[in-house]
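Chain naming here is simple, since letters A, B, ... match the order of the sequence lines and numbering starts at 1 in each. What you are looking at is a predicted structure, and each value in this text was computed from that prediction instead of being measured.
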There are 2 protein chains.
Amino acid sequence: MARENLWMRPERPARGPQPNYSRAALTEAAVRVADAEGLEAISMRRLATEIGAGTMSLYRYVSGKDDVIELMVDAVVAQYLPEGTVLSGDWKADLGALARRARLTMLRHPWLAPLAASRQGASPNRLRLLEASLRMVDGLGLGVDEMLTLIGGVFAYVNGFVQSELAEAEALRRTGLDLREWTALQKPYLMSIIASGDHPMVTKMATEGGRAYGDVEERFEYGLERLLDGIEARLPER
Amino acid sequence: MARENLWMRPERPARGPQPNYSRAALTEAAVRVADAEGLEAISMRRLATEIGAGTMSLYRYVSGKDDVIELMVDAVVAQYLPEGTVLSGDWKADLGALARRARLTMLRHPWLAPLAASRQGASPNRLRLLEASLRMVDGLGLGVDEMLTLIGGVFAYVNGFVQSELAEAEALRRTGLDLREWTALQKPYLMSIIASGDHPMVTKMATEGGRAYGDVEERFEYGLERLLDGIEARLPER
DNA sequence: CATAATTGAGTACGCTGTACCCGGTTTCGT
DNA sequence: ACGAAACCGGGTACAGCGTACTCAATTATG
């Protein structure tokens with residue numbers, strides 16, 4: 001159980017035969033499969049056949065499935081901050097843009113949101129991201145701890161929002177139903193709630209709420225901007 | 001695969017012999033096991049032995065493991081809003097209190113946060129919660145859709161924050177390491193990052209950042225209050 | 001050139017969720 | 001009163017999972 005740190009192990013040691021595969025290939029395959037079929041389609045056997053290796057060979061590159069997940073997250077999180085991104089110096093604009101790219105990345109890789117939300121061990125691209133985020137809010141008169149609190153708050157919102165945004169799609173994938181069947185299943189229950197009369201506000205929502213209530217984009221922006229506004233209002237004056 | 005809606009199926013049908021067990025007992029056992037040993041300790045076999053039933057008997061009460069999860073979430077989410085909670089009429093105070101109770105509940109049941117964040121199908125207690133939340137922000141001059149956007153934003157923040165708050169503890173459970181071993185594993189990597197000189201802000205953080213950087217409570221409050229402030233500032237004037 | 005280190009991969013173990021049965025029990029329709 | 005229908009408890013079985021262990025083949029080092 002004495003697992004070594006994934007990011008410390010050199011890709012290529014000295015003595016033995018040269019490897020046929022690579023972490024990069026493994027990561028690429030994992031991301032591809034998860035994108036197409038969801039995170040639960042990822043298995044060591046599946047990944048092995050995907051790259052043409054024997055199952056147990058993967059363990060030469062990675063100390064277990066958890067490392068594969070770690071590699072996937074680190075690989076994809078890089079997209080939050082494309083190479084060559086320059087900072088405008090306007091912290092709200094910079095952090096907002098980062099948040100929006102984070103969201104779009106998670107929408108492209110729907111398996112990412114829950115993982116990103118609940119893992120925060122150090123990894124190359126996560127550290128790159130942290131470095132850039134800290135630079136965005138540097139010079140506002142905040143201490144390092146306060147900067148971390150600020151950034152943490154924004155990412156908390158983004159992660160939480162995207163997860164709930166993806167919740168319905170997730171439910172469809174989990175159950176294997178399509179949207180029509182799904183709503184057909186939920187409707188009678190909601191109807192019974194309405195009929196009971198115990199939930200007037202929910203009833204109002206179900207009857208007069210706009211279909212797919214407002215643009216999702218718009219809702220994301222609303223929360224993000226309110227949060228940034230609220231932060232700005234309490235920044236130390238300079 | 002034609003799964004019926006969990007919440008529509010009556011607990012007790014008409015014809016057959018009376019059941020030995022119950023959804024309530026199953027739910028109680030599931031929550032207890034997950035609290036003590038984590039969500040991955042939950043298996044149909046384990047739950048069955050826990051309540052003294054045969055494995056397949058559980059399927060008389062529940063259409064699959066996913067229903068068990070649904071029952072667990074619904075049961076625990078009830079604690080967000082204790083029976084008899086009265087609203088003050090101050091939406092910020094009410095919604096803030098709800099957010100704080102939600103966080104405390106998720107800390108008591110660490111398996112809840114990821115589930116709550118990514119499931120939002122209708123269920124009795126979730127609907128009760130939604131009803132109460134809507135009542136909190138009713139009368140502010142917002143339409144139903146705008147109320148939902150507001151509430152959704154706050155819960156996004158809470159869910160995201162608690163997940164990241166629990167991330168370290170989660171990592172320990174996943175790996176089976178204790179905190180000492182874990183940091184001993186992370187440290188050399190962080191050291192190598194610092195030594196590389198490519199991440200000055202991260203270095204600053206690692207060297208002068210307060211240990212466990214500030215009270216977690218304080219960080220939660222900071223983000224929550226900034227978000228509520230920002231929302232308040234843009235409410236329609238009345 | 002022997003040796004130590006490393007890779008590739010097969011086999012096997014103990015888990016998992018659940019489809020499919022069957023025998024017993026209770027209630028309903030007649 | 002009695003067959004039928006509906007339901008409960010649960011055993012068996014299957015496909016799939018992560019990974020510990022093992023061993024032959026390969027390579028750089030002494």
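- Nucleotide C:dA19 holds its P atom 7 Å from the CE atom of B:Met56, rounded to whole Å.
- Among the atoms of the strands shown, only primed sugar atoms or phosphate atoms (P, OP1, OP2) are found under 4.0 Å from some heavy atom of B:Ala53.
- When the nucleotides D:dG9, C:dG8, C:dT16 are ranked by their closest atom to the side chain of B:Pro19, D:dG9 comes out on top.
- Checked by atom type and distance alone, the side chain of B:Arg128 pairs as donor or acceptor with a backbone atom of B:Ala78 at under 3.5 Å.
- Using modelled atom types, one side-chain atom of A:Glu131 and one backbone atom of B:Val202 make a donor-acceptor pair closer than 3.5 Å.
- Close placement of the A:Phe220 and A:Phe161 rings is indicated, their centers lying within 6.0 Å of each other.
- When the P atom of C:dT27 is taken as reference, atom CD of B:Gln18 falls 6 Å away, rounded to whole Å.
- Comparing atom distances between the B:Asn20 side chain and each of D:dT19, D:dC8, D:dG9 picks out D:dG9 as nearest.
- A salt bridge links A:Glu70 to A:Arg126: one of the charged nitrogens lies within less than 4.0 Å of a carboxylate oxygen.
- There is a side-chain donor-acceptor pair under 3.5 Å between A:Trp111 and A:Asp35.
- At the heavy-atom level, A:Ser57 lies under 4.0 Å from base atoms of the strands shown.
- Put simply, the side chain of B:Ser57 never gets that close to the backbone of B:Ala53: no donor and acceptor are under 3.5 Å apart.
- For the OP1/OP2 pair of D:dC8 and a distance below 4.0 Å, the side-chain nitrogens and oxygens of B:Tyr61 include no atom meeting the criterion.
- Rounded to a whole Å, the CZ atom of A:Arg46 is 9 Å from the P atom of D:dC17.
- Note on B:Ser43: a side-chain N or O is less than 4.0 Å away from OP1 or OP2 of C:dT16.
- Note on A:Tyr59: every side-chain N or O is 4.0 Å or more away from OP1 and OP2 of D:dT22.
- Taking atom CG on B:Leu58 and atom P on D:dG9, their separation rounds to 10 Å, with Å as the unit.
- Taking atom CE of A:Met44 as the reference point, atom P of C:dG8 lies 13 Å away to the nearest angstrom.
- B:Asp74 and B:Arg23 are not joined by a salt bridge, as no carboxylate oxygen comes within less than 4.0 angstrom of a charged side-chain nitrogen.
- Judged by distance alone with a 3.5 Å cut-off, a donor-acceptor contact links the side chain of B:Arg60 to the base of D:dG10.
- C:dA12 atom P lies 13 Å from atom CZ of A:Arg45, rounded to whole Å.
- Residue A:Arg23 contributes atom CZ, which lies 10 Å from atom P of C:dT7 at whole-angstrom precision.
- Here the P atom of nucleotide D:dA28 and the CZ atom of A:Arg15 are 11 Å apart, to the nearest Å.
- Here the nucleotide nearest the side chain of A:Pro17, chosen from D:dT19, C:dG8, D:dT26, is D:dT26.
- Checking B:Gly54 against A:Ala41, the closest nucleotide of DNA chain D that is more toward the 5' end is the one next to B:Gly54.
- Taking every heavy atom of residues 27-38 of chain A and every atom of DNA chain C, no pair lies under 4.0 Å.
- The closest donor-acceptor contact from the side chain of A:Glu50 to the backbone of A:Val33 lies at 3.5 Å or more, if one exists at all.
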